[in-house]
**Student:** 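First, the structure itself, so that you have it in front of you.
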Amino acid sequence: MNWRKWNRWLHRELGYLFFGMTIIYGISGIALNHHVARHWDADIISRSDEYTLLLPSVKDSVDRSTVESILEVTGERSSFKNYYFPDEHTLMIYLKGGHIDVDLSSGRIRVTTVRHRPLFREIDYLHYNKPKKLWTWFSDLFAIALILMAVSGIIMLKGKNGLTGHGGILVLAGILIPLLFLLIHLWL
Amino acid sequence: MMLVVAALAGACNRSDRQEGQEASQRQETVSATVEELLSAPADYRDKEVAVSGMVTHVCRHGGQKCFILAGDGETQLRVVTGGEIEEFETSLEGSMVAFRGIFRIGETVEVSAEEAETGEHHTGDMPHSEAEQSDYFIEATEFREVTP
């Protein structure tokens, strides 16, 4: 068996074995990109609703019954946890899975509820290496396998579609694009 | 046979000593309120303290710090992760939480570029801003949610 057959075998086996890992890291990579670019938190789904109520304008006039009437209006009675006054004219009500900001001077109430986004929570948990221990080893193995797959991929074919032809141009482009961004955004 | 008995006796003694040391370490933990810590910080400096309070805010960037409210309903104290604690979950907000940790004084709070950019490191416009910039904080080694 020549080295190309071994190379193809390695590329294929690693591709099968790490298919799931590639999808996990690919999706969480997109989430991370957008978290950095526009502070999008993929792990959570946040929803805001606004209400207006006639309320006492200062905290000294607010008591538990005021809080209960706000919970009644917003339909959050069952999720109530606690409350406090961040300042003289603001009431913060904590909920299980969210909070209510109340501007006492205007009577404006904003309910923010937060829940975990299915799938993203799990894949982010893995991408950020929260399990640690054995997962560190497995994800390191995946990273090494990615390098092996990349190298075995570019040397797999010979001829006009190989590294010395069309493939070589694409490889060069794939190296130059990140270098160009570094040049523009970091080095210059 | 004698050797086995001696080894077992030694092991028991070591175990007793360890338990004794752990017990004495536990005894050194001082229970205090947020107000007590902040009114006489030098008395608690670098000591293990047990303190509890309602969590008003958990920082969104990695959950490495949170803030607890004093009994006066206004003063807040910063609690940072230490020991085996990896992060504080945002679900702690609004919960009464009991912390055990070391009371620290006078360590500069470093603001990362990312924190500054996202406004996570509040600089004077949030209720916990004073606690954020304060020299006093707890480096927590254990915590337990007292009320959900």
Side-chain angles (χ1 to χ4, degrees), chain A residues 32 34-46 58-60 62-64 67 71 76 78-104 111-117 121 124-125 127-133 135-136 186, chain B residues 34-35 52-64 66-78 81 83-98 112-132 145-148:
Chain A
L32 182 63
H34 288 268
H35 177 67
V36 173
R38 55 190 179 97
H39 311 310
W40 179 60
D41 200 339
D43 287 6
I44 57 166
I45 298 170
S46 177
V58 288
K59 71 174 189 182
D60 290 340
V62 174
D63 56 16
R64 182 63 190 248
V67 174
L71 292 169
E76 297 290 349
S78 60
S79 356
F80 173 72
K81 280 174 83 175
N82 223 326
Y83 71 93
Y84 95 110
F85 299 92
D87 61 55
E88 194 64 29
H89 300 286
T90 310
L91 166 66
M92 172 72 94
I93 303 173
Y94 293 101
L95 308 171
K96 290 168 196 155
H99 59 266
I100 304 176
D101 297 287
V102 184
D103 180 358
L104 295 171
V111 184
T112 305
T113 50
V114 173
R115 65 184 174 90
H116 287 292
R117 191 186 303 275
R121 182 193 184 196
D124 272 12
Y125 179 81
H127 194 151
Y128 285 103
N129 192 16
K130 297 275 175 73
K132 295 187 173 175
K133 297 174 184 167
W135 183 255
T136 308
L186 185 69
Chain B
V34 172
E35 292 97 322
S52 59
M54 187 189 82
V55 174
T56 60
H57 179 76
V58 176
C59 283
R60 298 298 189 263
H61 260 293
Q64 294 303 298
C66 67
F67 300 86
I68 55 170
L69 191 66
D72 64 3
E74 289 181 6
T75 313
Q76 299 197 32
L77 178 65
R78 187 169 79 251
T81 54
E84 300 280 302
I85 302 172
E86 289 182 7
E87 63 180 281
F88 298 121
E89 296 278 344
T90 51
S91 59
L92 287 178
E93 285 180 351
S95 295
M96 283 297 293
V97 178
S112 72
E114 194 176 20
E115 278 182 322
E117 187 191 327
T118 58
E120 182 55 45
H121 194 96
H122 308 291
T123 50
D125 57 343
M126 298 293 283
H128 55 265
S129 295
E130 201 176 316
E132 170 92 69
E145 208 171 331
V146 180
T147 57

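Reckoned from all heavy atoms, side chains included, excluding hydrogens, waters and symmetry mates. By convention in this document, chain letters (A, B, ...) are assigned in the order of the sequence lines, proteins followed by strands, and residues within each chain are numbered from 1.
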**Student:** Mind checking the CD-OH spacing from B/Q76 to A/Y84? Nearest 0.5 Å is all I need.
**Tutor:** 4.5 Å

**Student:** For the NZ atom of A/K59 and the CD atom of B/E74, what is their distance to the nearest 0.5 Å?
**Tutor:** 4.0 Å

**Student:** Within this structure, what is the NZ-CD distance for the pair A/K130 and B/E87, rounded to the nearest 0.5 Å?
**Tutor:** 4.0 Å

**Student:** Give a yes or no answer on whether the side chain of A/Y94 reaches the backbone of B/T56 with a donor-acceptor pair at less than 3.5 Å.
**Tutor:** yes

**Student:** Grab the two heavy atoms, one from B/S91 and one from A/K81, that are nearest each other, plus how far apart they are.
**Tutor:** O-NZ, 2.7 Å

